[in-house]
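Step one of this worksheet: look at the structure below.
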Amino acid sequence: MICFFHKSHKSHIIAAFDSKKKGSFTLSIYSFKRLSQMARSALDEMSDSGAFLRTASTFRNSISRDPNSQFPVESGRYHLYISYACPWASRCLAYLKIKGLEKAISFTSVKPIWERTKQSDEHMGWVFPASDTEEPGAEPDPLNGAKSIRELYELASTSYTGKYTVPVLWDKKLKTVVNNESSEIIRMFNTEFNGIAENASLDLYPSHLRAQIDEINEWIYIGINNGVYKCGFAKKQGPYDEAVKQLYEALDKCEEILSNQRYLCGNMLSEADIRLFVTLIRFDEVYAVHFKCNKKLLREYPSLFNYVKDVFQFPGMSSTVNMEHIKRHYYGSHPSINPFGIIPQGPDIDYSSPHDRERFSS
Ligand SMILES: N[C@@H](CCC(=O)N[C@@H](CS)C(=O)NCC(=O)O)C(=O)O
């Protein structure tokens with residue numbers, strides 16, 4: 001789905017174009033009264049029909065191998081701000097680790113639970129700990145001494161009115177946000193840094209698979225990656241029911257593909273797998289309960305469950321999964337869904353246990 005924004009004086013209009021129904025351009029038009037000052041949090045991204053609608057990212061620059069570009073590849077110049085809780089940020093961290101970019105690109109994780117970002121308003125968002133020891137896994141901002149991700153966006157642009165999301169790819173030299181859209185950051189990490197990446201030969205978006213990866217990404221994004229959020233943030237039964245239907249159709253389709261081959265595009269790991277993994281690893285621990293995705297658990301899909309363990313055990317991947325941050329974030333940061341912030345104890349799955357996926361390797 002592609003969303004087009006029209007900014008009028010009083011409201012934002014979004015026309016949603018569903019590429020699956022070719023030709024039906026104005027599938028739906030939503031009047032965004034509540035978004036008239038732009039969404040400040042995912043919890044506000046709601047259409048009048050009670051469906052969750054994600055707004056587009058704002059900073060869309062690219063790091064390039066071209067030395068004359070605005071953001072050229074340079075070891076040590078860029079920094080990735082993440083939350084271990086966030087699936088979109090985690091896919092960037094996964095690339096950073098599995099491509100061997102740790103020496104070239106530094107990274108910092110924020111605290112898992114959203115807090116007030118300013119005394120002067122009510123905004124709740126990502127904040128840094130005050131010290132290295134306050135929150136294991138999270139660190140104070142080493143570059144700008146910022147207290148929150150919001151502060152970074154405000155440093156980068158005085159006129160920014162969008163959401164204060166992670167990931168943020170930061171340029172230390174120009175002191176600005178290069179890009180805050182994970183689907184673009186992972187593509188840069190895959191190719192642009194190959195001159196300095198320790199694992200440059202790993203190509204997760206090879207030219208012969210690009211069309212297939214793009215096609216798979218689209219229905220997995222709609223049905224699963226964003227689909228779980230549509231289940232969880234729906235404010236009416238109809239949009240929830242529709243999101244659940246799409247989610248389980250997509251999961252069933254993945255199960256079928258993965259019962260015949262090791263990965264989504266055959267027998268090599270690709271971008272499509274990393275994008276699916278970050279949602280599936282959160283599924284039974286969080287989405288099944290918190291987002292009401294409980295028609296079937298991941299553990300009840302034999303191929304998908306073993307596949308998640310397989311990807312988790314790919315060198316570098318397990319270090320990108322901090323289940324404590326994941327659980328504390330979701331259950332602790334959405335009071336409209338879980339008002340008392342109680343964190344369920346289970347199921348505590350061991351993703352490092354043996355899997356059966358090697359049978360597909362030649
Ligand atoms: N399009 C963005 C989405 C990132 C995103 O939604 N991040 C969430 C965390 S999972 C966030 O930071 N939300 C802050 C908020 O909603 O205020 C991407 O893929 O990079």
Side-chain angles (χ1 to χ4, degrees), residues 5 7 9-12 32-46 52-61 79-90 92 106-172 174-182 229 232-233 235 325-326 328-341:
F5 291 78
K7 200 172 173 186
H9 285 305
K10 294 203 175 78
S11 67
H12 286 71
F32 267 63
K33 294 184 201 92
R34 295 183 60 198
L35 288 181
S36 55
Q37 289 93 35
M38 287 294 280
R40 280 295 178 86
S41 154
L43 295 167
D44 304 321
E45 293 175 300
M46 200 56 53
F52 170 66
L53 271 174
R54 188 178 291 279
T55 41
S57 306
T58 305
F59 292 90
R60 311 298 284 267
N61 290 304
H79 190 83
L80 184 68
Y81 288 102
I82 60 145
S83 159
Y84 280 108
C86 169
W88 319 102
S90 294
C92 300
S106 46
F107 76 94
T108 303
S109 173
V110 292
K111 296 209 285 185
I113 300 179
W114 286 349
E115 292 178 19
R116 287 272 294 274
T117 54
K118 268 190 188 163
Q119 297 302 321
S120 51
D121 62 39
E122 303 291 304
H123 176 257
M124 302 287 288
W126 302 112
V127 296
F128 296 93
S131 72
D132 282 335
T133 50
E134 186 188 321
E135 186 82 59
E139 287 163 5
D141 174 19
L143 305 177
N144 306 292
K147 299 278 173 287
S148 66
I149 290 290
R150 178 181 185 175
E151 228 177 288
L152 295 175
Y153 279 89
E154 290 173 348
L155 277 173
S157 161
T158 48
S159 56
Y160 184 74
T161 51
K163 290 191 301 172
Y164 308 112
T165 54
V166 287
V168 170
L169 183 57
W170 183 265
D171 180 2
K172 299 177 192 173
L174 299 181
K175 293 195 187 333
T176 194
V177 178
V178 181
N179 194 300
N180 68 338
E181 173 47 50
S182 61
Y229 283 86
F233 289 153
K235 287 196 173 154
H325 277 223
I326 291 171
R328 286 179 56 216
H329 167 66
Y330 284 95
Y331 291 114
S333 301
H334 304 142
S336 55
I337 305 179
N338 191 28
F340 301 110

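Heads up: numbering here begins at 1 and tracks the sequence. Fair warning: this is a prediction, and the values are worked out from it, not measured in the lab.
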Atom of [X], atom of [Y] and distance for their closest heavy-atom approach:
| X | Y | value |
| --- | --- | --- |
| Ser57 | Arg60 | O-NH1, 3.1 Å |
| Pro129 | Glu139 | CD-O, 3.2 Å |
| Gly332 | Ile113 | O-CG2, 3.5 Å |
| Ser109 | Gly137 | CB-O, 3.5 Å |
| Ser106 | Lys172 | OG-NZ, 3.1 Å |
| Gly125 | Thr117 | N-CG2, 3.7 Å |

Should Glu135 and Arg328 be marked as a side chain to side chain contact (heavy atoms under 4.5 Å, CB included) after you check the CA-CA gap, both sets of side-chain angles, and the distance that decides it?
CA-CA 12 Å; Glu135 186 82 59; Arg328 286 179 56 216; 2.6 Å; yes

Show the numbers, then the answer: is there a side chain to side chain contact (heavy atoms under 4.5 Å, CB included) between Phe52 and Arg54?
CA-CA 7 Å; Phe52 170 66; Arg54 188 178 291 279; 3.9 Å; yes

Tested for side chain to side chain contact (heavy atoms under 4.5 Å, CB included) against His79, the lone hit among Leu169, Val178, Leu143 is Leu143

Taking [Y]'s backbone N and O only, do any of them form a donor-acceptor pair with [X]'s side chain (distance below 3.5 Å, no angle check)?
| X | Y | answer |
| --- | --- | --- |
| Asn338 | Tyr331 | yes |
| Asn144 | Ala146 | no |
| Asn179 | Asn61 | yes |
| Tyr153 | Thr165 | yes |

Would you indicate whether the side-chain heavy atoms of [Y] and [X] approach each other to under 4.5 Å?
| X | Y | result |
| --- | --- | --- |
| Pro140 | Asp132 | yes |
| Pro112 | Tyr84 | no |
| Phe128 | Thr108 | yes |
| Trp170 | Lys175 | yes |
| Cys92 | Tyr81 | no |
| Tyr229 | Glu45 | no |
| His123 | Lys118 | no |

Straight-line distance of [X] [atom1] to [Y] [atom2], nearest 0.5 Å:
| X | Y | atom1 | atom2 | result |
| --- | --- | --- | --- | --- |
| Lys163 | Asn180 | NZ | CG | 9.5 Å |
| Glu154 | Ile149 | CD | CD1 | 12.0 Å |
| Leu80 | Ser182 | CG | OG | 10.0 Å |
| Lys111 | Ser333 | NZ | OG | 11.0 Å |

Do the ring planes of Tyr160 and Tyr164 sit parallel (below 30°), tilted (30 to 60°) or perpendicular (above 60°)? tilted

(Q) Could you check whether atom NZ of Lys147 has more than 12 heavy atoms from other residues, nucleotides or ligands sitting under 6.0 Å from it? (A) no

Ser83 meets the side chain to side chain contact (heavy atoms under 4.5 Å, CB included) criterion, sequence neighbours left out, with Ala85, Cys86, Val110, Trp126, Val166

With sequence neighbours left out, the residues meeting salt bridge (Lys or Arg N to Asp or Glu O under 4.0 Å) with Arg116 are none

- prompt: Which is it for Thr161 and Thr58 under the side chain to side chain contact (heavy atoms under 4.5 Å, CB included) test, yes or no, and what are the steps along the way?
  reply: CA-CA 10 Å; Thr161 51; Thr58 305; over 6 Å; no

In sequence, state the C-alpha distance, the side-chain angles, and the governing distance for His329 and His334, and then conclude on side chain to side chain contact (heavy atoms under 4.5 Å, CB included). CA-CA 8 Å; His329 167 66; His334 304 142; 4.0 Å; yes

